[in-house]
K.L.:
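Let me give you the structure first, and then I'll get to my questions.
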Amino acid sequence: MNRDAARHAGSRTRRAAYPADLLHMTLLCMEQFDEPPRHLIPSIDAAIRRIRARPIRIDLDGSDLFGGKRHLVLTSSAVNRELRSFVRMLWNTLTRHNLPRFPLASFEPHVTVIYDCGKIDPLPVERPFGWVAEEFQLIYSHFGESRHEEFGRWRFDPEAPPYLSPPEQLRFPI
């Protein structure tokens, strides 16, 4: 992802591709904090340890501009139901334990590969970027510093029950 973004940036923008070691897919934002909320970590860890969720296949096969068309991101053309189910599971867990979280709005999985790139064409994705997510993390992003501080890491459980399918409407033919 980083190499392709760096090639694409080329002379199209003065911004470099986001560093490879900082590439991530944000699943949920807990709240905006001016300083790392270290006092919340034990409660968050205790709540998240109760989650049983399977590893999730991630496939990104397209790109787009987000954030007022300022950030170049990799996206997926297909809805990832397992990922959406996990995000809902995570949000519900934080809610049950009265932990900070932003409202669960529409969720579009993506990885930002160039921040503040200005007007740039989307990145042509010649081959999808795909992997199986076997863990997830809680990180604090130090605003404007391109630095992340890890507060927790949890492994998905291959033996966990399957994700629930989204509810479907019952249909009665006339």
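Remember, it's a predicted structure, so these values are computed and weren't measured experimentally.
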K.L.:
Is any side-chain heavy atom of His8 less than 4.5 Å from a side-chain heavy atom of Pro124?
P.N.:
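Result yes, sub-4.5 Å side-chain heavy-atom pair found.
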
K.L.:
For the residue pair Leu138 and Trp154, establish whether any side-chain heavy-atom pair is separated by less than 4.5 Å.
P.N.:
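Yes, their side chains come closer than 4.5 Å.
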
K.L.:
Hydrophobic cluster mates of Phe66, side-chain heavy atoms under 4.5 angstrom, ILVMFWY only, any path?
P.N.:
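Grouped by the 4.5 Å side-chain rule, Val73 form the rest of the cluster around Phe66.
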
K.L.:
Given Arg7 and Arg3, is the side-chain contact (heavy atoms from CB on, under 4.5 Å) satisfied, shown in steps?
P.N.:
CA-CA 6 Å; Arg7 269 194 300 274; Arg3 272 192 307 263; 4.2 Å; yes

K.L.:
Please test Leu27 against Leu83 for side-chain contact (heavy atoms from CB on, under 4.5 Å), starting from the C-alpha separation and ending with a verdict.
P.N.:
CA-CA 9 Å; Leu27 301 179; Leu83 187 57; 3.7 Å; yes

K.L.:
Hey, any chance Phe33 and Leu90 share a hydrophobic cluster, counting ILVMFWY side chains that come within less than 4.5 Å of each other, even indirectly?
P.N.:
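Same hydrophobic cluster.
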
K.L.:
If we only count heavy atoms from C-beta on, is the Asp4 to Leu74 side-chain gap below 4.5 Å?
P.N.:
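With C-beta onward as the side chain, the pair stays apart.
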
K.L.:
Within a radius of less than 6.0 Å around CD of Glu135, do more than 12 heavy atoms belonging to other residues, nucleotides or ligands occur?
P.N.:
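Counting neighbours around CD of Glu135, more than 12 heavy atoms of other residues, nucleotides or ligands fall under 6.0 Å, so yes.
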
K.L.:
Compare every heavy atom of Gly130 with every heavy atom of Asp59, then report the nearest pair and how far apart it is.
P.N.:
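So the minimum-distance heavy-atom pair works out to OD1-CA, 3.6 Å.
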
K.L.:
Minimum heavy-atom separation for Val113 and Ala5, please, with both atom names.
P.N.:
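Scanning both residues, the minimum pair turns out to be CB-CB, 3.6 Å.
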
K.L.:
Look at the rings of Phe156 and Phe86 and say which category their plane angle falls in: under 30° parallel, 30 to 60° tilted, over 60° perpendicular.
P.N.:
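Taking Phe86 first and then Phe156, their aromatic rings stand perpendicular (interplane angle over 60°).
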
K.L.:
Sub-3.5 Å donor-acceptor pair from the side chain of Tyr163 to the main-chain atoms of Ile56, do we have one?
P.N.:
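Looks like no, no N/O pair under 3.5 Å.
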
K.L.:
State the CG-CD1 distance between Asn2 and Ile114, to the nearest 0.5 angstrom.
P.N.:
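Those atoms lie 9.5 Å apart.
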
K.L.:
Counting C-beta onward and ignoring hydrogens, is there a side-chain heavy-atom pair between Val111 and Phe129 closer than 4.5 Å?
P.N.:
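The answer is no; the side chains never approach within 4.5 Å.
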
K.L.:
Decide yes or no for Pro109 and Ile58: does some side-chain heavy atom of the first lie under 4.5 Å from some side-chain heavy atom of the second?
P.N.:
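Of all side-chain heavy-atom pairs linking Ile58 with Pro109, none is under 4.5 Å.
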
K.L.:
Once you round to the nearest 0.5 Å, how far does CG of Asp64 lie from NE2 of His110?
P.N.:
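If I round to the nearest 0.5 Å, the distance is 10.0 Å.
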
K.L.:
Nearest heavy-atom pair of Val125 and Leu60: which atoms, and what distance?
P.N.:
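Where Val125 meets Leu60 most closely, the heavy atoms are CG1-O, 4.2 Å.
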
K.L.:
If you compare all heavy atoms of Val132 against all heavy atoms of Pro55, which two are closest, and at what distance to 0.1 Å?
P.N.:
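Taking Val132 first and Pro55 second, the nearest heavy atoms are CG1-CB, 3.8 Å.
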
K.L.:
Hey, are the side chains of Asp116 and Thr13 touching, using non-hydrogen atoms and a 4.5 Å cut-off?
P.N.:
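Not touching, per the 4.5 Å side-chain cut-off.
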
K.L.:
Should we count CZ of Arg88 as having more than 12 external heavy atoms under 6.0 Å?
P.N.:
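Open.
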
K.L.:
Are Ile51 and Ile41 linked, directly or through intermediate hydrophobic residues, by side-chain heavy-atom contacts shorter than 4.5 Å (ILVMFWY only)?
P.N.:
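Same cluster: Ile41 reaches Ile51 through Ile, Leu, Val, Met, Phe, Trp or Tyr contacts under 4.5 Å.
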
K.L.:
When you measure from the side chain of Asn80 to the backbone of Arg57, do you find a donor-acceptor pair of N or O atoms at a distance under 3.5 Å?
P.N.:
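Indeed, once roles are kept as given, a pair shorter than 3.5 Å links the two residues.
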
K.L.:
Aromatic rings Tyr18 and His148: how do their planes relate, parallel, tilted or perpendicular, breaks at 30° and 60°?
P.N.:
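Ring orientation, 0 to 90° scale: tilted.
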
K.L.:
Restricting to non-hydrogen atoms, name the atom on Pro42 and the atom on Arg38 that form the minimum distance, rounded to 0.1 Å.
P.N.:
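Taking Pro42 first and Arg38 second, the nearest heavy atoms are CD-O, 3.7 Å.
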
K.L.:
Say you draw a straight line from CZ of Phe136 to CG of Leu28; how long is it, rounded to the nearest 0.5 Å?
P.N.:
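Result: 10.5 Å between the selected atoms.
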
K.L.:
Restricting to non-hydrogen atoms, name the atom on Trp91 and the atom on Pro103 that form the minimum distance, rounded to 0.1 Å.
P.N.:
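The answer is NE1-C, 4.1 Å.
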
K.L.:
I would like to know whether Leu72 and Arg15 meet side-chain contact (heavy atoms from CB on, under 4.5 Å); could you show each step before the answer?
P.N.:
CA-CA 11 Å; Leu72 181 64; Arg15 297 298 302 227; over 6 Å; no

K.L.:
Output yes when a side-chain donor or acceptor of Arg52 lies under 3.5 Å from a complementary backbone atom of Glu159, and no otherwise.
P.N.:
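Checking the backbone N and O of Glu159 against the side chain of Arg52, a donor-acceptor pair under 3.5 Å is found.
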
K.L.:
Tell me every residue that passes side-chain contact (heavy atoms from CB on, under 4.5 Å) with Phe102, counting only those two or more places apart in sequence or in another chain.
P.N.:
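In terms of side-chain contact (heavy atoms from CB on, under 4.5 Å), with neighbours along the sequence ignored, Phe102 is linked to Cys29, Gln32.
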
K.L.:
Enter the distance from Met89:CE to Glu82:CD here, rounded to the nearest 0.5 Å.
P.N.:
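Met89 CE to Glu82 CD: 10.0 Å, rounded to 0.5 Å.
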
K.L.:
Rounded to the nearest 0.5 Å, how far apart are CG of Leu65 and CG of Asp121?
P.N.:
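Those atoms lie 8.5 Å apart.
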
K.L.:
Using a 6.0 Å cut-off, check whether atom CD of Glu150 has over 12 heavy atoms from anything other than its own residue.
P.N.:
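Yes.
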
K.L.:
Flag yes if Met30 and Ile48 sit in one hydrophobic cluster, no otherwise; membership is Ile, Leu, Val, Met, Phe, Trp, Tyr, and two members link when side-chain heavy atoms are under 4.5 Å apart.
P.N.:
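Per the 4.5 Å side-chain linkage, Met30 and Ile48 are co-clustered.
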
K.L.:
Counting only heavy atoms not in Asn98, do more than 12 sit closer than 6.0 Å to its CG atom?
P.N.:
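Atom CG in Asn98 is not packed in, count stays at 12 or less.
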
K.L.:
Any side-chain donor-acceptor pair under 3.5 Å between Arg96 and Thr93?
P.N.:
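There is such a pair between these side chains.
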
K.L.:
Could you tell me the separation between the OG1 atom of Thr112 and the CE atom of Met25, rounded to the nearest 0.5 Å?
P.N.:
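Thr112 OG1 to Met25 CE: 10.0 Å, rounded to 0.5 Å.
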
